[in-house]
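Report on one structure; see the data block that follows.
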Amino acid sequence: MDRVFDTKIQELKYQVLREVIKRAYDGDLTTAVYEIPRVIVPGPKSDMRCCIYKERAVLEERVKLAMGGDKNNPNVIETLPIACDECPIDRYFVTPACRGCINHKCMEVCPAGAISIQNMHAVIDPEKCKHCGLCAKACPYRAIIELTRPCVTSCKIGAIKIDDDGKAVIDNSKCVMCGACAYSCPFGAIADKSYVLQLVDILKESEKTGRKVYALIAPAIVSQFKYAKIEQIVEGIKELGFHNVIETALGADITLYKDTQEFKQKGRLTTSCCPSFVMYIEKHFPKLVQYISDAPSPMIEAARLIKRTSPDSKVVFIGPCSSKKYEFRLEKTGGAVDCVISFEELQAFLDARGIDVSSLPEHPLNNASKWGRLFAKSGGICEGVKNLAAKEEFEVCPLFLSGLEQIKIAMLRMNAGKLPENFIEGMACEGGCLNGALTLHHGDKNVRDVDRYSMEAKETEITGSLDLYKMTGGEEADKEL
């Protein structure tokens, strides 16, 4: 699968998901936890761990995540302690670049007395070190470096700690489920739980009863499956058993309209499209919750539209985001979405069912405007709001925030009343949804793909989507919520 994935970890995850899906369709999951690791790592040697027994033990935990993970853990991101054992524990490390200079500035600035000179080289006592970093700053040769775990470095809100056994632990009270830690861990010791078995049940039930199942695809999908056209991917999704495929960008058009109207009333607003951004405000800046848009996310908005026209149907969201797996289960969404899977999981589904999308005919998409499709990239919502503001002749001072580092700085300023902008778009993933934790790959080209996809939209304004929203009774339905 080199043609598809960024990393070996993603490929391994894909192999597990594919085998789980195959067995689910065959009704053969009883021994899956034991047998699937032996299919993936047949032996006699493992090229990933010290031995096949360790790798199989890790894979057993991956299979459990693919089958739904820990039901008692509300977080969609979980750690695999058995896989978390390879990272260095000591945070500051003296490299061979140390020249053993006689100034010993590193030792002099250390407030804990953790540095000594042995054999003319600096040595750090990890038991005494307070991780202040003064020694690294003082060294004229930059011979002291900071070694932090990739998961800790990737988490910009301090939700990951290391326990007494040296294992990564997620603090659910801080975590916003953006999935950055899962993508960054080079050993795959942190991963998202999967709902592929739930989707298998939905599709199987549809085959028996004829109940319609709709797929909602996030606009970021256009940048992902490079080996086929987006129209062929859509056809492949229908081959899986979906009645139809709808662009989530349709819901984005409606969300854009609602955000604009609410902004005109309140004068200050933060977006509600990214669940991780919303969670970040709720958990870390509760004073700012009042500014979160009341508009549902595009996923929920589009799903509600579908269920107003087809009340007995099921809706499945396919996207790049780990926190969407949390959002769809929230009480406030009213069960609009029945299941969420990622682009990674879609690839596993297609291959488990033997569907070669590159050989399929093309199924055209025309559900949304160019503005809705732009929601996939950071700044896309702001572009849409500025467009509507110009047409309706009102003033808006927008700011788009790409990644949790930018979000943290802006929210601190907003919390202190020092943020001049009044419409704040926040996306937890740097670059936006097109670089979500569960995308097949990341990169600058993803932005160009989304821009091109936006320009290909036949609708240049959101009026068509709004007409559909009103025709299906969306306004009346919202009053009842």
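Quick note: residue numbers are just sequence positions, from 1. Bear in mind the structure is a predicted one, so any value in this text is a computation, not a measurement. Note: hydrogens, waters and symmetry copies are ignored here, and every other heavy atom, side chains too, is used.
Side-chain polar atoms of Asn75 and Asp70 form no donor-acceptor pair below 3.5 angstrom. Side-chain polar atoms of Tyr453 and Glu247 form a donor-acceptor pair below 3.5 angstrom. Ser293 and Asp259 share a side-chain donor-acceptor pair at under 3.5 Å.
When the side-chain contact (heavy atoms from CB on, under 4.5 Å) test is applied to Met455, no partner is found at least two apart in sequence or on another chain. With sequence neighbours excluded, no residue satisfies salt bridge (charged side-chain N to carboxylate O under 4.0 Å, His left out) with Glu425. Here His284 pairs with nothing under the side-chain hydrogen bond (donor to acceptor under 3.5 Å, both in side chains) rule; sequence neighbours left out. Qualifying salt bridge (charged side-chain N to carboxylate O under 4.0 Å, His left out) partners for Lys408, counting only residues two or more places apart in sequence or in other chains: none. Annotation: side-chain hydrogen bond (donor to acceptor under 3.5 Å, both in side chains) contacts of Asn387 (sequence neighbours excluded): Glu461. For the salt bridge (charged side-chain N to carboxylate O under 4.0 Å, His left out) test, residues two or more places apart in sequence or in another chain that qualify with Lys258 are Glu301, Asp478. Remark: Glu405 pairs with no residue by the side-chain hydrogen bond (donor to acceptor under 3.5 Å, both in side chains) rule, at least two apart or across chains. With sequence neighbours excluded, the residues satisfying side-chain contact (heavy atoms from CB on, under 4.5 Å) with Val289 are Ile281, Glu282, Ile292. Phe328 pairs by the ring-ring contact (aromatic ring centres under 6.0 Å, His included) definition with Tyr195, not counting sequence neighbours. Annotation: side-chain hydrogen bond (donor to acceptor under 3.5 Å, both in side chains) contacts of Ser223 (sequence neighbours excluded): none. Considering only residues two or more places apart in sequence or on other chains, Glu383 meets the salt bridge (charged side-chain N to carboxylate O under 4.0 Å, His left out) condition with Lys377.
To the nearest 0.5 angstrom, Leu256 atom CG is 10.0 Å from Leu374 atom CG.
Sorted by first and then second residue, the ring pair (Phe, Tyr, Trp, His ring centres under 6.0 Å) pairs with a member in residues 331-374 form an empty list; sequence neighbours excluded.
Taking the centre of each ring, His243 and Tyr214 come in below the 6.0 Å mark.
Stacking of Arg268 on the aromatic ring of Phe263 is not recorded, the 6.0 Å distance cut-off and the 45° axial limit not both being met.
Among the candidates Glu61, Glu344, Glu19, the single residue satisfying the salt bridge (Lys or Arg N to Asp or Glu O under 4.0 Å) test with Lys13 is Glu344.
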